[in-house]
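Right, one structure below, let's go through it.
Just the heavy atoms: all of them, side chains too, but no hydrogens, waters or symmetry mates, feed the values below. So that the names make sense, note that chain A is the first sequence line, chain B the second, and so on, each numbered from 1.
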Amino acid sequence: MRQDKPHLILVDGSGYIFRAFHALPPMTRPDGVPVNAVFGFTSMLGNFLTKHAGSHIAVVFDRSRVTFRNQIYADYKAHRPEPPPELVPQFALIREATAAFGVACLELENYEADDLIAAYAKAFSAEGGQVTVVSSDKDLMQLVGPNVQLLDPIKQKPIREPEVFEKFGVTPDKVVEVQALAGDSTDNVPGVPGIGLKTAAQLIQEYGDLENLLACAGQIKQPKRRESLQNFAEQARISRQLVLLDADAPLPRPIDELLAQPPEPGKLAIFLRDQGFRSLLHRMGLEGDSGAPATSQPRHAPAILAQAEPVGAPPEDAPAFGPYETVTDLDTLNRWVEEARAAGTVALDTETDSLDALHARLVGISLAIAPGRACYIPLAHGPKPGNGDMLEAAPVAPVQIPLREALSALQPLLEDPGTLKVLHNAKYDLEVLGRPQAEGANSGIEVSPVDDTMLISYSMDAGRHGHGMDELSLRHLGHSPIPYDQVTGTGRNRVPFSQVDLEKATAYAAEDADVTLRLWQMLKPRLRSDKALALYEQIERRMIGVLKQMEMEGIRVDGVELARIGEDFSQRMVTLEQKIHELAGRPFNVGSPKQLGEILFDEMKLPGGKRGKAGAWGTDAAVLEDLSARGHELPKTVLHWRQLSKLKSTYVEGLAAQLDPRDGRVHTDFSMAITSTGRLSSTEPNLQNIPIRTEEGVRIRRAFVASPGHVLLAADYSQIELRLLAHLADVPSLRDAFAKDEDIHSRTAADIFKLEPDKVDREARRRAKTINFGIIYGMSAFGLAARLGIGPGEAKGIIDAYFAQYPGIRAEMERLKEEARINGFVLTPFGRKLWIDGITSKDMSRRGNAERAAINAPFQGGAAEIIKRAMVRMPKALKDAGLDAKMLLQVHDELLFEVPQGQLTATSAVVKQVMESVAELRVPLRAEIGHGANWAEAH
DNA sequence: TACATCACG
DNA sequence: GACGTACGTGATGTAC
């Protein structure tokens, strides 16, 4: 959006009023007039005006409840309640407030605000202007276009075509067609029964619009859907009329009258004072201003409009995101390669046919050399599928450089030590490009050196927001890249990227490289000023290669054994299910917590039932164990059934489905930038939550086996988070216990229960262990009582004794909460910033959650850092020792290796040495090593 | 798709 | 005096 074009801002007044009224507690003026909505509205509008400016501006209001839509459909918005009586007298004041800001009010009898917005947007853009509608109302999304955007007033986020597509699954011009089908319960728009947003989008994508769909309704395969469309055709047409905004509504005021007025601080000050809004007077810097017309240059007046910048627009001089070049001949490719080399930095992105890097086939590569200067090199685009028409010519693949020639031309660049390759989530692309050519389309290229914008962002902003490219682009560049779904379609209509036509593919793929480059230019320099450069360079960036190797290695799983376990579990579940039905007195779905709750608490009238927020009975393990302990057979049997059910579906079946037939191994995908604490996470499959705590679970773990001639070696950090507690809070007794390698929970028990070391029994140790862990989770007396099954008074006594014994810990907990409150983040012992969301929230519950997260983050995050340090050092340490062990998995405080049998002793020593020496704390680090033929034995 | 549940550290 | 009550993940099944 350009500054030089006229720009109209239309504020949806109803949305502001509604939010203001409900967000604020009742407030009254001295004379008793309620003003909470006036206050909120004034505050929000003032705030908005300091941030945004247009050449024209207006606030649009609804005039009356009854509009022309009620003639079409009497029930339209019929179930909307009357506005609350306290709100009614505030409407007039809100219009006064708008006028006091020098902003025009628009409203018109018989029309909704949305129609006026549509009409002004149409008129204004027809004259070549840009329009921003301040509202997140989905009914306005139909207006979005090249010259019209919405702005979400809460998230301050522009809503453009990609966001509309995300919401409705179609482009803005088709939104009314989708709404006509899906209806809208909040506005009483009936739509077609049985058709929701998803189905509607699918149908419109296929048939184009409502009329065409209704004409073709007979061809719909699903019988229910077909009948529904046929029976409710008229209702759909009415719905369409209801949601279609009337862009031809009369304009109550000519556009010229919406010209943004220079502010009149005096007028605004008078209004604020009349309402008694002293805090707003103060905030807007109008205090002390007697209300006299502002002839002297008032220092605050320009603050309202002057410092404004266009909404969500990129900097004036930023090049556009496209058009980009499609590279289909070798000469052109070579020119790009040369240019990239000369630039010294090139952003790179691969397009494939799968999210799974180990199976994905390379489809194309995009490069970006400077902002706005990017290209797409299609490599394996196939023909678009024909429509089956025999008369049509056989579809042909588009012209592109033969894969091997293109890769040969690219390889020297990608491996050139003098050219930095910038990627977003580099691990994925490196795995795709690094796979050997023998496997088909891929290339055996070792891309280096590499920067990763996802990890740069994560190194500075973990916990603050996500780190996906689209989110970062919007946040840092003010630009929404084309959504992947818009390129390939969704659901049944999705096509592989290799079948996307080159024009679309280029617009999408080259844009991603362009965005990556711009993000790099923006974020990389921040690393130094944010003191995150060392973390990024020495830990996160080096983790890319380490995890890549681990993922590609995978771990062997005995599929036959898995099948045997599944068979056994199935049989036992059948027996248990019969018993459960007998005990219940009738058959029901044991897997349904809802049905189980009704059996236990409604029918059998067992005590201790609690309803959750949805009103359903809680039946989780804690509840069932409690009932079981009271001697009830049914909950006990259900617990057993649930355990088998979980193990069977998640681990036996889930894991078997992930077994790679090519090598008999499972390959996880470690996510490097998901957690708020610096930990990794693991998906598809998650190998960080393989069972171990029960005998049944151990059987699953036994199916993780070493290759022939190898053993599995597991190395666990011992009590790493409690060691960090002893270190951070500098607790003499705990430090002493760790220094002497004593049992830490027994030491705690002796300290807080004042026992001689040899008098600590199992119960005392158990309690001490619970509280030790509870402390690093920020637990309360209530929580401890629940965990220990004791009264809150007793629990409080234990906590008091704990803090009396370890005063440094209480101080550390308070310090962490304060650190989070002041900075918005806490630091791990190694300096990683972990942002804590909600720490200043007024909502007590939310703030409580944030405070506990702040307490826990340095411990969890510190531990994550320590094991990452060990992981980046490990490959070289093993290699230097001449060892062939492969690191396979990381499970937060454990590393799992596959070791040639003859190298077990030497490998154990190296692993232990590396793990214990990566950090110098006030307590020693300790790693415990085990080995065996399978993962269970290795522990 | 939201929720409940439960697997792990 | 009420509020809510242990941190961080991911996968699955049910029910809307």
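Looking at A:Asp568 and A:Arg572, a side-chain N of the basic residue comes within less than 4.0 Å of a carboxylate O on the acidic one, giving a salt bridge. A salt bridge links A:Glu695 with A:Arg702: the closest approach of a Lys/Arg side-chain nitrogen to an acidic carboxylate oxygen falls below 4.0 angstrom. Using a 4.0 Å cut-off between a side-chain N of Lys or Arg and a carboxylate O of Asp or Glu, A:Arg810 and A:Glu814 do not qualify as a salt bridge. A salt bridge links A:Glu812 to A:Arg815: at least one charged side-chain nitrogen sits closer than 4.0 Å to a carboxylate oxygen.
Whole-Å rounding puts the A:Glu851 CD to C:dT5 P distance at 14 Å. A:Ile775 places its CD1 atom 19 Å from the P atom of C:dT5, with the value rounded to the nearest Å. B:dG9 atom C1' lies 5 Å from atom NE2 of A:His892, rounded to whole Å. Whole-Å rounding puts the A:Gln719 CD to B:dG9 C1' distance at 12 Å. Going from atom OH of A:Tyr802 over to atom P of C:dA6 covers 17 Å, rounded to whole Å. Straight-line distance from the CG atom of A:Asn856 to the P atom of C:dT9: 10 Å, rounded to whole Å. In this structure, A:Gln890 atom CD and B:dC8 atom P are separated by 17 Å, rounded to whole Å. Look at CG on A:Leu896: it is 15 Å from C1' on B:dG9, rounded to the nearest Å.
A distance of about 15 Å separates the P atoms of C:dT5 and B:dC3, rounded to the whole Å. One P atom belongs to B:dT5, the other to C:dC3, and the distance between them is 23 Å to the nearest Å.
Here A:Leu784 lies out of heavy-atom contact (under 4.0 Å) with every strand. Contacts of A:Ala621 with the nucleic acid, taken as non-hydrogen atoms under 4.0 Å apart, involve only primed sugar atoms and P, OP1 or OP2. A:Phe773 comes within 4.0 angstrom of a base, heavy atoms only.
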- Note on the structure: Applying the Watson-Crick and G-U criteria (both distances under 3.5 angstrom) with [ ] for crossing and | for other-strand pairs, one obtains for DNA chain C ......|||||||||.
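For A:Tyr458 and A:His465, the ring centers are positioned 6.0 Å apart or more.
Judged by distance alone, with hydrogens and angles left aside, the side-chain atoms of A:Gln688 form a donor-acceptor pair with the main-chain N or O of A:Gln890 at under 3.5 Å.
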- If the sugar-phosphate is the primed atoms plus P, OP1 and OP2 and the base is the rest, what is the B/S/- string for nucleotides 10-16 of chain C, using protein heavy atoms under 4.0 Å? BBSSSSS
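For A:Arg679, no side-chain nitrogen or oxygen approaches OP1 or OP2 of C:dT9 to under 4.0 Å.
Counting non-hydrogen atoms of neighbouring residues, nucleotides and ligands closer than 6.0 angstrom, the NE2 atom of A:His931 reaches no more than 12 such neighbours.
When each of C:dT5, B:dT5, B:dA7 is scored by its nearest atom to the side-chain atoms of A:Leu647, the top-ranked nucleotide is B:dA7. With distances taken from any side-chain atom of A:Ala853 to the nucleotides B:dC6, C:dC7, B:dC8, the minimum falls on C:dC7. With B:dA7, B:dC6, C:dT9 as the candidates, the nucleotide lying closest to the side chain of A:Arg642 is B:dC6. Comparing C:dC3, B:dT5, C:dA6 by their nearest atom to the side chain of A:Thr619 picks out B:dT5.
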- Run the numbers on A:Glu551 and A:Asp669 for side-chain contact (heavy atoms from CB on, under 4.5 Å), then give the verdict. CA-CA 6 Å; A:Glu551 291 176 4; A:Asp669 179 3; 3.5 Å; yes
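Residue-to-nucleotide contacts include no donor-acceptor pair under 3.5 Å from the side chain of A:Gln688 to the base of B:dC8. Contact of A:Arg693 with B:dA7 (side chain to base): no donor-acceptor pair of N or O atoms is detected under 3.5 Å.
In this structure, A:Lys833 forms a cation-pi arrangement with A:Phe825, its terminal cationic atom sitting closer than 6.0 Å to the ring centre and no more than 45° off the ring axis.
Applying the side-chain contact (heavy atoms from CB on, under 4.5 Å) test to A:Ala820 and every residue at least two apart in sequence or in another chain returns A:Val826, A:Ile836, A:Ile839, A:Ala854.
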